[in-house]
2 protein chains.
Amino acid sequence: MKDTGGGDKVVSLKGLKVACRACSLVQLCLPVGVSREDVERLDAIIRRRRPLRRGEYLYRAGDRFHAVHVVRSGSVKSCAPTDEGHEQVTGFHLPGELVGLDAIHVGEHRCGAVALETTSVCEVPFGQLETLSAQVPGLQQQLHRLMSREVLRDHEHLLMLGKKGAEERLATFLVSVSNSFQERGYSPTEFRLSMSRGDIGNYLGLAVETVSRLFTRLQTLGCIEVERKLIRIADPERLRALAGVRPCEPVAQPRHGNGS
Amino acid sequence: MKDTGGGDKVVSLKGLKVACRACSLVQLCLPVGVSREDVERLDAIIRRRRPLRRGEYLYRAGDRFHAVHVVRSGSVKSCAPTDEGHEQVTGFHLPGELVGLDAIHVGEHRCGAVALETTSVCEVPFGQLETLSAQVPGLQQQLHRLMSREVLRDHEHLLMLGKKGAEERLATFLVSVSNSFQERGYSPTEFRLSMSRGDIGNYLGLAVETVSRLFTRLQTLGCIEVERKLIRIADPERLRALAGVRPCEPVAQPRHGNGS
DNA sequence: CGCTGCTTTGAACAACTTCAACTTCTGTGG
DNA sequence: CCACAGAAGTTGAAGTTGTTCAAAGCAGCG
């Protein structure tokens, strides 16, 4: 029914109207393990929103929860507000990731989500997603895997804040970003950080100044090359070592197949 | 000795064989919002395990994941191992709580779970739970809510480790424990902590010595009375204030944060 | 061109950790 | 029942690590 192949009648909408099956993220997103026909059904409930510009909120803490969002392009941070007006950045989200999963419990967002750059997202009404996932076992499983992954990540983050020193934290962060880019088919050794030093510091539980100093220190050590937001990882092994990861095991493997 | 009803033949199993409908935790656990008949179906897939003694593992990091567990009585901690052999306590779990949700993603436990005292749990084979929850909307929703709550809690924990000072952390911890006990119908002002100071310190990202000093300081301040593992909260308001919570709102209330 | 906001750098300071010694509790076996 | 050993908890003093404060350097933008 949909025409993704030839006729570009409405050029301006093409960017928004990519069907799930035509989306480059099918491998990371909800459709994993879902049959072609069922992806169409999923497709039918998804709403594509207009792209957000840097700094715009996807939703704010306190907003009623009605849908989960998937980052399609760009990137997003989520922040949990403190009572005192501070914020904790709880995560950065790259294309293919679900955001807003913490809101299901109370039916209201407890974290805000902000675009770090021009970003487009898919909106998936959660009630409909639940209904559909009850009918499509593969979708149900993938939804559960993604929710579980969120928990898993938070635990890794917790471990970082609870047990690691400053240098170890930044190194871990960079390794993890590098892995994320690799998963998405980009260079794992050269990338642009969309978030500010402030965001990184907040995420890592460090002062901005500390983050800045660490960047220069890692550069001095020859692990990385920094130019503003551009990062080149010069010595991945070394960086991994600083991150406190044993040489053999990558930091966070998303796949379940393994050979140990 | 409770008598659950009619003809139970094997007395020694009676303690283990409390049906969901007769369980005091129905209000907190999976059956929330599930009809009487459907609870029976849930009941049918649940396996009650023999009680664990203090220090016994429910499962270990690396174990294959096949079921989620619900704490029925006692308490459990989960710990994420570091590569260096350290551990981060990621949570304490009281009756009615699901443990093992982080394992769904990779099909393998990444955290271990240890009984903090004599503890009994229900084992819910996850495959069957998924199948059933596809047929019982209420169950599906509750499962999602519980998974989401896990995320939410981790975010609060993250905020604590990222933004709060030592005193604030311990105060927050105590307030949260107090709330948990209250939810379960116990006294919110007088309770026994089943975990060691070491566990608390680990959980809060603090050294044992710091935790110990803080307990004495809070006692000196008149907020609490400490006697070994027994805690009496003498001044709940004060404690809440130290935890960094505004007087009017209990520890986890919706708030409209403002962007910065 | 001169804002404004982000980043970097230096120096003093504070918070928490580490080390070390000591006390109290718990459980075990004589 | 008591004694003893090991674990857990407490307390003090010294030591680190990262924070805070202050100021200067840079990029983007109207």
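The sequence lines fix the lettering, A, B, ..., with proteins before strands; numbering per chain opens at 1.
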Enquirer: Taking only Lys NZ, Arg NE, NH1 and NH2, and the carboxylate oxygens of Asp or Glu, determine whether Glu117(A) and Arg192(A) approach each other closer than 4.0 Å.
Expert: yes
Enquirer: Which nucleotide sits closest to the side chain of Ala207(A): dT19(D), dC25(C), dT17(C)?
Expert: dT19(D)
Enquirer: Spell out yes or no: do the side chain of Glu209(B) and the base of dC19(C) have one donor N/O and one acceptor N/O closer than 3.5 Å?
Expert: yes
Enquirer: Measure CZ/Arg54(B) against C1'/dG27(C) and give the value in whole Å, please.
Expert: 11 Å
Enquirer: Please state how far atom CZ in Phe215(B) lies from atom C1' in dA8(D), giving the value in whole angstrom units.
Expert: 13 Å
Enquirer: Rounded to the nearest 0.5 Å, what separation is found between the CG atom of Leu170(A) and the CG atom of Leu206(A)?
Expert: 8.0 Å
Enquirer: Output the rounded distance in Å from NZ (Lys163(A)) to P (dT18(C)).
Expert: 10 Å
Enquirer: Touch check for Gly201(A), heavy atoms < 4.0 angstrom, all strands: base, sugar-phosphate only, or nothing?
Expert: nothing
Enquirer: Would one find a side-chain N or O of Arg197(A) under 4.0 angstrom from OP1 or OP2 of dT8(C)?
Expert: yes
Enquirer: Output yes when Glu56(A) and Arg50(A) qualify as a salt bridge under the 4.0 Å nitrogen-oxygen rule, no when they do not.
Expert: yes
Enquirer: In terms of side-chain geometry, is the basic nitrogen of Arg48(B) or Glu123(B) positioned less than 4.0 Å from the acidic oxygen of its partner?
Expert: no
Enquirer: Using whole Å, report how far NZ of Lys229(A) lies from C1' of dG5(C).
Expert: 11 Å
Enquirer: Looking only at the side chain of Leu206(B) (C-beta and beyond, no hydrogens), which of the listed nucleotides dT17(C), dA20(C), dA27(D) gets closest?
Expert: dT17(C)
Enquirer: How close or far is atom P of dC25(C) from atom CG of Leu193(B), stated in whole angstroms?
Expert: 17 Å
Enquirer: Provide, to the nearest angstrom, the distance between the CZ atom belonging to Arg228(B) and the P atom belonging to dA8(D).
Expert: 11 Å
Enquirer: What is the distance from CD of Glu227(B) to P of dT23(C), rounded to the nearest Å?
Expert: 20 Å
Enquirer: Counting only side-chain N and O atoms of Thr210(B), is one of them less than 4.0 Å from OP1 or OP2 of dC16(C)?
Expert: no
Enquirer: I'd like to know if Arg217(A) reaches the base of dT9(C) with its side chain such that a donor and an acceptor end up less than 3.5 angstrom apart.
Expert: no
Enquirer: Which nucleotide in the list dA27(D), dT18(C), dG18(D) gets nearest to the side chain of Arg213(B)?
Expert: dT18(C)
Enquirer: Round to the nearest Å and state the distance from Lys164(A) atom NZ to dG18(D) atom P.
Expert: 14 Å
Enquirer: Give Ser212(A) one of three labels, base, sugar-phosphate or nothing, depending on what nucleic acid heavy atoms sit under 4.0 Å from its own.
Expert: base
Enquirer: Any side-chain heavy atom of Val76(A) sitting closer than 4.5 Å to one from Val114(A)?
Expert: no
